[in-house]
Novice: 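There's a structure below that I have some questions on.
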Amino acid sequence: MRLTNYFLPVLKESPSDAEIVSHQLMMRAGMISQSSSGIYSWLPLGLRVLKKIENIVREEQDAAGVNEILMPTIQPADLWKESGRYEDYGKEMLRINDRQDREMLYGPTNEEQVTDIFRRSIKSYKELPQLLYHIQWKFRDELRPRFGVMRGREFLMKDAYSFDLDKLQSKISYNKFFVCYLKTFQRLELKAIPMAAETGPIGGDLSHEFIIISKTGESDIYFDNKLLEQENELFNINYSEDLSGLVNSYKALYAVSDDKFNQDDFDKNVSNENQTKSKGIEVGHIFSFGTKYSEAMKANVLNKDGKQATVFMGSYGIGISRLVGAIIESSNDEKGIIWPKSVSPYDIGIINLKQKDGDITSISDSVYEKLLSAGFDVLYDDKADNPGVKFSRMDLIGLPYQVIVGNKSKNDSILEVKNRKTGDISEVNIENITSFFKNN
RNA sequence: CGGGGCGUAGCGCAGCCUGGUAGCGCAUCUGGUUUGGGACCAGAGGGUCGCAAGUUCGAAUCUUGCCGCCCCGACCA
């Protein structure tokens, strides 16, 4: 993409209503535009990041054998009356009446909807487990939206649901998602720590929040340092195998957020020098809730004995739009964003330092064409601005690599490649530019 | 929902106290000079001062009501 052809409204100063760094940088880098409190439009640069994250999440759900569906944003109130949540949910749910005065709602989540889909079709234990997910916009009318996309009212979430015959089977599904989440966050280049969370009515140890450490996080977290060093081989996961060993290696180490924190337990389980207290951002939550919805909504299957059995369910969420902010929170410097390669809106930025110099411009053009045809996503600054403007703009939007084309390129056939994260500059001959990136 | 703050040009702000021709920086447009870290010169465009009512000869400024946005807290992907 040529910058002269792009919609990239960067700002020199942060808008005064942006408080935390990710919100400021998203506004400054022209990623989002606020529509109203907690509701944002996604501009080209932001949308590319959102889509990249969405795709990684999708690929990992698919790899774990979860089926993608797409449920509507608008749901009928009747389903929620069946589960009893129509009254319980309160003002956080946006309620709408259609022209026939039917009660509808903008979905804050989809347990009812997915349970309805399940019960219409699945009648036998032989068809279990069923794992379904979708990636869809949600609306929760938060008391206080804040921090840009980190706590918006409208947000994009991946939510998955499992249906199993009993608690034991349900735990197998739970473990799949546990591991799938570890792998997903690893691919997003985030250190997300699974933390024990409140389990609700069925008890046990079947709820975890995945939290990344960040000063600006909303949760207080307490955990064993060893979790930070925990490295596991996650590339060749076989989801049909028993995953409990891997899951238990995480569960064995103490990690909780504030609502489950207990100082005595902390002291008992973690030596003093390994105790860490910090703040974190919740980016995922997995939860096994048993028969809460299946019972209310009569989601039954016939078991081996030909008897009706109420299925055990779980739900598994990842906040995709929140992750955009969360990634920036954990990866930025005073100049701007530093994108992890896996989610960067473009792989490479090219800076033409002298747009008016015909030789330098034709070198820039050819480098752009070469990298494009080699399959890279490239953002090419072909504007007529001064070098300082171009450098700071490219630093702000945070692409992992910048290819700088200037006098050296014209005189000595040298391109400078700057690593955004380290600031290191490599001199690369023009001929070798494609292979340079293929090896990086 | 309780507490606090803010609304003046695309962005950041001043002006309001003490009513009298709406201003600054950046951005934008035109012409020119520049081009290795947010350039320079000359010119130009852009705002019914959030909305409404009131007081007044006269309201960005004073009064009242409404709307919007942000921050702190309790709740949440």
Side-chain angles (χ1 to χ4, degrees), chain A residues 9-20 23-24 27-28 30 33-39 53 57 88-93 107-110 135-160 181 192 197-198 207-212 217-219 257-259 280-287 315-326 334-336 351-357 360-361 381 383-396 402 404-411 414-416 418 423 425:
Chain A
V10 296
L11 300 172
K12 206 164 177 176
E13 292 167 290
S14 298
S16 57
D17 52 12
E19 188 74 8
I20 63 168
H23 189 196
Q24 291 173 345
M27 295 298 296
R28 286 191 54 210
S33 172
Q34 183 167 11
S35 167
S36 65
S37 181
I39 303 180
I53 295 171
V57 171
D88 293 350
Y89 222 92
K91 287 198 157 184
E92 216 166 283
M93 183 153 74
T109 177
N110 288 68
I135 296 173
Q136 179 63 289
W137 291 90
K138 307 290 189 292
F139 192 90
R140 292 183 192 171
D141 202 356
E142 297 277 347
L143 281 178
R144 185 149 95 85
R146 62 189 124 169
F147 302 152
V149 300
M150 300 257 281
R151 177 159 303 286
R153 292 193 292 171
E154 188 180 56
F155 59 98
L156 187 61
M157 181 163 91
K158 185 284 298 179
D159 41 322
Y181 275 34
E198 285 302 328
S207 180
H208 285 83
E209 297 171 328
F210 286 75
I211 294 184
I212 61 172
E218 293 186 82
S219 323
S257 60
D258 38 14
D259 53 344
I281 301 167
E282 182 183 346
V283 289
H285 195 169
I286 60 177
F287 194 51
S315 74
Y316 313 88
I318 292 181
I320 292 179
S321 48
R322 170 180 285 182
L323 272 166
V324 179
E334 68 288 345
K335 289 176 178 166
I351 296 177
N352 177 357
L353 279 181
K354 271 193 192 173
Q355 183 264 348
K356 278 191 180 161
D357 183 315
I360 291 177
T361 293
D381 186 348
K383 294 182 85 169
D385 299 315
N386 283 326
V389 176
K390 294 187 168 205
F391 286 131
S392 52
R393 179 167 52 214
M394 200 60 90
D395 287 344
L396 172 65
Q402 303 171 6
I404 298 158
V405 188
N407 283 326
K408 280 188 200 168
S409 319
K410 182 173 163 179
N411 302 330
I414 293 288
L415 299 168
E416 286 168 291
K418 181 173 134 183
I425 291 178

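Here is how names work: the chains are called A, B, and so on, in the same order as the sequence lines, proteins then strands, and each is numbered from 1. Just so you know, these numbers use all the heavy atoms, side chains as well, and skip hydrogens, waters and symmetry mates.
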Novice: Who does C26(B) pair with, Watson-Crick or G-U, both distances under 3.5 Å?
Specialist: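 Base partner found: G10(B).
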Novice: For C49(B), which nucleotide in any strand shown is its Watson-Crick or wobble partner with both distances under 3.5 Å?
Specialist: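 Partner of C49(B): none found under 3.5 Å.
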Novice: Given atom CG of L396(A) and atom P of A27(B), what is their separation to the nearest angstrom?
Specialist: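 Atom-to-atom, L396(A) to A27(B), this comes out as 15 Å.
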Novice: For the side chain of K356(A), counting heavy atoms from C-beta on, which of C1(B), U35(B), A77(B) is nearest?
Specialist: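 Nearest to the side chain of K356(A) among the choices is U35(B).
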Novice: Rounding to a whole Å, what distance do you find between D258(A):CG and C75(B):C1'?
Specialist: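 Answer to the nearest Å: 12 Å.
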Novice: How close or far is atom P of G4(B) from atom CD of E19(A), stated in whole angstroms?
Specialist: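 E19(A) atom CD is separated from G4(B) atom P by 19 Å.
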Novice: From C-beta outward on R144(A), which listed nucleotide comes closest to its side chain: A77(B), G12(B), C71(B)?
Specialist: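 Of A77(B), G12(B), C71(B), C71(B) is nearest to the side chain of R144(A).
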Novice: Expressed as a whole number of angstroms, how long is the span from K354(A):NZ to G37(B):C1'?
Specialist: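 So the two atoms are 15 Å apart, to the nearest Å.
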Novice: For V149(A) versus S321(A), what's the shortest heavy-atom pair and its separation?
Specialist: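 For V149(A) and S321(A), the tightest heavy-atom pair comes out as CG2-O, 3.4 Å.
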Novice: Answer yes or no: side-chain N or O of N386(A) and base N or O of G36(B) forming a donor-acceptor pair under 3.5 Å.
Specialist: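 Checked by distance alone, the answer is no.
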Novice: OP1, OP2 of C70(B) versus side-chain N and O of S37(A): anything below 4.0 Å?
Specialist: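 Yes.
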Novice: Distance criterion of 3.5 Å, no angle test: do you see the side chain of K418(A) paired donor-to-acceptor with the base of G37(B)?
Specialist: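 Such a pair is found, so the answer is yes.
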Novice: Could a donor-acceptor pair under 3.5 angstrom be found where the side chain of R28(A) meets the base of G38(B)?
Specialist: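 Yes, the side chain and the base share a sub-3.5 Å donor-acceptor pair.
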Novice: Distance alone, cut at 3.5 Å: any donor-acceptor contact between the side chains of S219(A) and E282(A)?
Specialist: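 Their side chains do not contain a donor-acceptor pair, so the 3.5 Å distance test is not met.
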Novice: Assess, by modelled atom type and distance only, whether the side chains of S207(A) and H285(A) contain a donor and an acceptor separated by less than 3.5 Å.
Specialist: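 Yes - a donor-acceptor pair under 3.5 Å links their side chains.
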Novice: Please report the distance, rounded to the nearest Å, between CZ in F391(A) and P in G38(B).
Specialist: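 Result: 10 Å.
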Novice: Is there a side-chain contact between S16(A) and the phosphate of C70(B), meaning an N or O under 4.0 Å from OP1 or OP2?
Specialist: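 Checking C70(B) against S16(A), no side-chain N or O comes under 4.0 Å of OP1 or OP2.
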